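Everything quoted here is computed from the prediction, not taken from an experiment. Proteins come first, then strands; the chains are lettered A, B, ... in the order of their sequence lines, and each starts at number 1.
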Protein chains: 2
Amino acid sequence: MTTAQRPTLEAVARRAGVSRATVSRVVNGSTTVAESIQQAVRRAVEELGYVPNLAARSLVTQRTDSVALVMPEEATRVFSDDQVFPGIIRGVSQELEAADKQLVLMLAGSPAGHQRVERYTTGRHVDGVLFASLHGEDPLPGVLSRLGIPVVCAGRPLDGAQVPYVDVDNVGGVTRAVRHLITNGRRRIATIAGPQDMVAGIERLTGYREAVAEAGLPAWEAYGDFTRESGATAMRDLLAAHPDLDAVFAASDLMAHAALRTLREAGRRVPTDVAMIGFDDIETAAYTDPPLTTVRWDIVELGRGMTRQLLRMTAGEDVEQELILPTNLVVRDSA
Amino acid sequence: MTTAQRPTLEAVARRAGVSRATVSRVVNGSTTVAESIQQAVRRAVEELGYVPNLAARSLVTQRTDSVALVMPEEATRVFSDDQVFPGIIRGVSQELEAADKQLVLMLAGSPAGHQRVERYTTGRHVDGVLFASLHGEDPLPGVLSRLGIPVVCAGRPLDGAQVPYVDVDNVGGVTRAVRHLITNGRRRIATIAGPQDMVAGIERLTGYREAVAEAGLPAWEAYGDFTRESGATAMRDLLAAHPDLDAVFAASDLMAHAALRTLREAGRRVPTDVAMIGFDDIETAAYTDPPLTTVRWDIVELGRGMTRQLLRMTAGEDVEQELILPTNLVVRDSA
DNA sequence: TTGTAAGCGTTATCAG
DNA sequence: CTGATAACGCTTACAA
């Protein structure tokens, strides 16, 4: 089953009776080629089914016209049913499409995967690298950046690397949520915090702490990892430790969803006995019982913002170190 | 902000005092190099931070060690909160990682995107192409296949192209679901079918028709596109047309979820008045009210199966035209 | 406006 | 076991 030999520039040139250089010009849209010759070349390309060999091209241009989007492998597991994962991809993809560049998705969960990412990106197989939802203090963004490879992160890098990033206004969003609870008379507000090795988890907890402190209220905390199961567990812990709580802020809608169910099982009515606010505004949020009040942000826009920054960098422009996306509170029935 | 010039084989060779060829051998793990020289080369590589240029390598080897996974752009929208999208990616990624190959994700929703996929894949930038959830009669898989590029599809190609594919036993799964309903005394079983331009939508409807026909029951059909909104609309239509229905098979859990809610709003109790069965067993299925009985299949395994087939093809082996994954019924409370 | 020719960084084929 | 040297397919000065 031998693969048919694909035609090269050389073949097209012979067929059109011109030089390789001329074919190259036509293929790359140079305007300095006589119209008649352009037509001849195009016909030859058509007839032979010529397609440029991208490896050869990038070898000489030193560009690949593709960028990598790196995600921790867990992203596909942890966020299995919210839109974070597909949302970022879609945003990145939209912006890249407009720039006629290619997306290379890399999952870097395992140490081996991590190494492959490093090899691949330092191997100049992409023009730049986008990092999504980092765990812990991943050194890779900083390493690549120092190697001169354009890098943009989703969320502030926890290792303090000087890498441009795009993030959501986590603190602002949470503050608004907690104030909403307070305005409605809640005084015993607990939180189900996210994982403390992720910047989103850390900042949403910070926001909660600041908001309750500001109002002179106690901080009642339990921890999850953004998943449903962890939300249910945390809710049970909170009920055991603070049976008199009258509101909960959960750092993700998934955790809020499970907590809602846990509350019902414990005989608490929402929002009469306990109010609940989530974060993310995933699609399911409108379908929970009762529909979930939550902090919305535009995840697709996060992907787009990151990509725009990166493209600017690959073009040699300077970009702001930080870009923060707004949030807003979507009030439904749970609070 | 000039990018530091990366060291080449040449530089490493000079530093180690050997030829380029020898460095290449060491880098690629050839055993025919004297131990002392190997060490010298490795030290030079280390000191210089040498990383092979992948474009140059693939130019001569004619391989790229990467494969493309093509998805319709809607995949990230339509399936926004089930696991189909991340699941396939995860399966593909696992299998590729084991083979030390790279995943290139391509969204091909727009015609422009379609073209880019064609250009990229025919441009020999990947060793093979995986197609996920096709809409309509996409000619691309057939085109690439005829060009000698290894291709594997998720689901039978609707245009009849002779391309190897991996699919779920849709008909078998649905049949089992409908029989379960019948066994439990249901006789007026409607269906919320999926989109009829996707093979999963078509086959699940076929399964339903066969099963009710076999039992001498009427076929009551409404159509959706696998999304929640479409499920709610279809459920309303069914209730209007057949107020006496006592069971529903929905072709996706998302549609089943919305239908559950619509039934409740219409005052029907589930499963007392109406039984409901979905398809997919997404994570949310265990959290609906009541928890959803559904047809489960292993989506990660779909991605793995596709990838294994493709890798076999790129290695020049022959593969079966068709690979069918099993389903099983997960009985919860809704039926 | 077009052609010639020099690389781009590897691997592979030969000699030695 | 090692080193020249010729590709691989394309872009791009530089000439004509």
Side-chain angles (χ1 to χ4, degrees), chain A residues 2-42 44-45 48-66 119-127, chain B residues 3-42 44-45 48-66 119-120 122-127:
Chain A
T2 72
T3 278
Q5 192 57 46
R6 304 210 54 67
T8 69
L9 256 199
E10 177 71 42
V12 177
R14 261 202 312 269
R15 176 126 188 170
V18 297
S19 72
R20 291 207 310 267
T22 299
V23 177
S24 175
R25 291 188 186 104
V26 173
V27 169
N28 291 293
S30 166
T31 49
T32 67
V33 177
E35 182 59 35
S36 63
I37 292 196
Q38 284 199 31
Q39 292 189 351
V41 170
R42 263 191 259 280
V45 165
L48 264 35
Y50 168 76
V51 182
N53 179 315
L54 270 23
R57 173 180 288 169
S58 96
L59 184 56
V60 37
T61 60
Q62 304 283 34
R63 288 177 304 105
T64 64
D65 289 327
S66 64
R119 230 191 317 140
Y120 195 81
T121 53
T122 56
R124 294 264 172 253
H125 221 325
V126 291
D127 297 339
Chain B
T3 277
Q5 191 60 43
R6 304 209 54 66
T8 68
L9 259 197
E10 179 70 42
V12 176
R14 260 200 313 271
R15 177 129 187 167
V18 297
S19 71
R20 292 207 308 268
T22 299
V23 177
S24 175
R25 290 187 188 104
V26 173
V27 168
N28 291 291
S30 166
T31 50
T32 67
V33 177
E35 182 58 35
S36 63
I37 294 195
Q38 284 198 34
Q39 292 189 355
V41 170
R42 264 191 260 280
V45 165
L48 264 35
Y50 167 76
V51 182
N53 179 312
L54 271 23
R57 174 180 287 171
S58 96
L59 184 56
V60 39
T61 61
Q62 307 282 32
R63 288 178 305 104
T64 63
D65 289 328
S66 64
R119 232 190 315 137
Y120 196 80
T122 57
R124 294 266 172 253
H125 221 325
V126 291
D127 297 339

B:Leu59 CG - D:dG9 C1' separation (whole Å): 5 Å
Nucleotide of C:dG7, C:dT1, C:dT11 approaching B:Asn28 most closely (side-chain heavy atoms): C:dT11
Touch class at under 4.0 angstrom, heavy-atom based, for B:Ala21 against every strand present: base
Below 4.0 Å: OP1/OP2 of D:dC1 and any side-chain N or O of B:Gln38: no
Closest non-hydrogen atom pair between A:Arg15 and A:Leu48, with its separation: NH1-CD1, 3.3 Å
Sugar-phosphate only, base, or nothing, as touched by A:Ile37 at under 4.0 Å among non-hydrogen atoms: sugar-phosphate
Side chain of A:Leu9 - closest among D:dT2, C:dT10, D:dT11: D:dT11
Short side-chain N/O contact to C:dG9 OP1/OP2 from B:Thr8, under 4.0 Å: no
Protein-nucleotide distance (B:Leu54, atom CG; D:dC8, atom C1'), rounded to Å: 15 Å
Atom pair distance, as rounded to whole Å: CZ in A:Arg20 and C1' in C:dT4: 9 Å
Distance-only side-chain donor-acceptor flag, A:Ser19 / A:Thr22, under 3.5 Å: yes
Worked check of side chain to side chain contact (heavy atoms under 4.5 Å, CB included) between A:Arg57 and A:Val27: CA-CA 12 Å; A:Arg57 173 180 288 169; A:Val27 169; 4.0 Å; yes
Integer-rounded Å distance: D:dG3 P and B:Glu10 CD: 12 Å
Nearest-Å distance for atom pair CD/P, residues A:Glu35 and C:dT2: 11 Å
Any A:Ser24 side-chain N or O less than 4.0 Å from OP1/OP2 of D:dT11: yes
Any A:Gln62 side-chain N or O less than 4.0 Å from OP1/OP2 of D:dT11: no
Toward the 5' end of DNA chain C, by each residue's nearest nucleotide, B:Asn53 or B:Arg25: B:Asn53
Taking every non-hydrogen atom, the tightest pair across A:Val41 and A:Val12: O-CG1, 4.2 Å
Interatomic distance, B:His125 NE2 vs D:dC8 P [rounded to whole Å]: 20 Å
B:Tyr50 OH - C:dG9 C1' separation (whole Å): 7 Å
Whether B:His125 and A:His125 hold their rings parallel, tilted or perpendicular, with breakpoints at 30° and 60°: tilted
Touch class at under 4.0 angstrom, heavy-atom based, for B:Val51 against every strand present: sugar-phosphate
Side-chain N,O (A:Thr22) to OP1/OP2 (C:dG3) below 4.0 Å: yes
